[in-house]
Amino acid sequence: MKKFNVGLALFIVAVGALLSFSPLKVYADPVTLTLESVGGQSSGPDYVYPYNMSVNGSATDTPMMCLSFTNDINFGETWKATIAQVMGNTNYEEAAYIFSQASAPHATQDQIAVAQWSNWVLFDADASSSVPSQYQGDVTTLLDTAAAYVLANPDSSLYSKYQIYLPVAGSQSSGDGMPQNMMGDATPEPDSLILLGTGMLGLAVFLYRRRSIA
């Protein structure tokens, strides 16, 4: 009886997963981002990673890094964004390596600040003039390290861990109409979701058949 219950539960979850997550649904439409809060660390007048964002009104916030130094956002502000994959775009791949340094479990405040400024400079060379003096050497070093990593690792699994949120022009609820480009952890891809659902469905059938034979 216990095996039957486990199999039935897996069957229900698998069917739900397959129905809820289809390839046409995951990346078909822009998502809505809302800036809920920041991590509290600033570098001069500028907040640095993490920017805590809700995605489509989610109750759980997702920590992200902003990539545009000149575009401003305010607390509670919302905008639409399309999702782009990191793999295949050199700048995005370098940004992913830099982001991984800031989001590492034991990253120090200085490492986070250096990573944030590095990505700002990567996407906006003019931001280099605003880098605090104590970080300038480390920012240059991290940018060089990121470029070398991408050159040496064109197919790194690191790139699939993150994704880019590209703002839809004019969708910002206030401000200049062009909010931040953001980087955050990747959501599961459609193929992965279908594989998960199919695997659970197969396990449920296997458990049910074992019970029937017994």
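Heavy-atom basis, side chains included; hydrogens, waters and symmetry copies ignored. If you're wondering where the values come from, they're calculated on a predicted model, not measured in any experiment.
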Report the residues that fulfil side-chain hydrogen bond (donor to acceptor under 3.5 Å, both in side chains) with W117, sequence neighbours left out, ordered by chain and then residue number. S43
Does some side-chain heavy atom of N119 sit less than 4.5 Å from a side-chain heavy atom of Y49? no
Sorted by chain and number, sequence neighbours left out, side-chain hydrogen bond (donor to acceptor under 3.5 Å, both in side chains) with Y92 holds for none
Side-chain contact test, heavy atoms from C-beta onward, threshold under 4.5 Å: evaluate it for T70 versus D126 and give yes or no. no
Rounded to the nearest 0.5 Å, how far does OH of Y165 lie from SG of C66? 14.5 Å
When every non-hydrogen atom of N74 is compared with those of L35, the smallest separation belongs to O-CD2, 3.6 Å
For T141, side chain to side chain contact (heavy atoms under 4.5 Å, CB included) partners two or more places apart: T145
So does D72 get a backbone contact from the side chain of Q172, meaning a donor-acceptor N/O pair under 3.5 Å? yes
Any donor-acceptor N/O pair, Q180 side chain to S68 backbone, under 3.5 Å: yes
Go through V139 and W120 one step at a time and tell me if the side chain to side chain contact (heavy atoms under 4.5 Å, CB included) criterion holds. CA-CA 10 Å; V139 166; W120 277 334; over 6 Å; no
Would you say that Y162 contacts D185 through its side chain, given a criterion of any heavy-atom pair below 4.5 Å between the two side chains? yes
Minimal heavy-atom distance between A115 and A102, with the atoms involved, is CB-CB, 3.6 Å
Does either side chain, that of Q101 or that of Q111, offer a donor lying less than 3.5 Å from an acceptor on the other one? no
Does T62 have any side-chain hydrogen bond (donor to acceptor under 3.5 Å, both in side chains) partners at least two apart in sequence or in another chain, and if so, which? none
Minimum heavy-atom separation for M183 and V86, please, with both atom names. CE-CG2, 4.0 Å
What residues form a side chain to side chain contact (heavy atoms under 4.5 Å, CB included) with T82, not counting sequence neighbours? P30, L166, V168
Atom pair CE/CD of M53 and E77 - distance to nearest 0.5 Å: 9.0 Å
Enumerate the residue pairs fulfilling ring pair (Phe, Tyr, Trp, His ring centres under 6.0 Å) with a member in residues 123-156, sequence neighbours excluded, ordered by first and then second residue. Y97-Y149
If a pair satisfies side chain to side chain donor-acceptor pair (under 3.5 Å) and one of its residues is in residues 30-42, list it, with sequence neighbours excluded. T32-K80, E36-S54, S37-N52
Atom CG of D29 and atom CD1 of I83: how far apart are they, to the nearest 0.5 Å? 10.5 Å
In terms of heavy-atom contacts, L122 and N91 come closest through CD2-O, 3.5 Å
Is there a side-chain contact between M64 and L33 in this structure, where contact means two heavy atoms from C-beta onward sitting under 4.5 Å apart? yes
Does any non-hydrogen side-chain atom of P179 lie less than 4.5 Å from one of N71? no
Please name all residues satisfying side chain to side chain contact (heavy atoms under 4.5 Å, CB included) with S129, sequence neighbours left out, ordered by chain then number. none
Indicate the atoms forming the closest heavy-atom contact of Q136 with V131, along with that distance. NE2-O, 3.2 Å
Quick one: pull up CE in M65 and OG in S103 and give me the separation to the nearest 0.5 Å. 7.5 Å
Between Q85 (side chain only) and S160 (backbone N and O only), is there a donor and an acceptor less than 3.5 Å apart? no
What are the two closest non-hydrogen atoms of F75 and Y47, and how far apart are they? CZ-CE1, 4.1 Å
Determine whether L158 and F99 make a side-chain contact, defined as any pair of heavy atoms from C-beta on separated by less than 4.5 Å. no
Validation row: V121, T140 side chains within 4.5 angstrom (heavy atoms): no
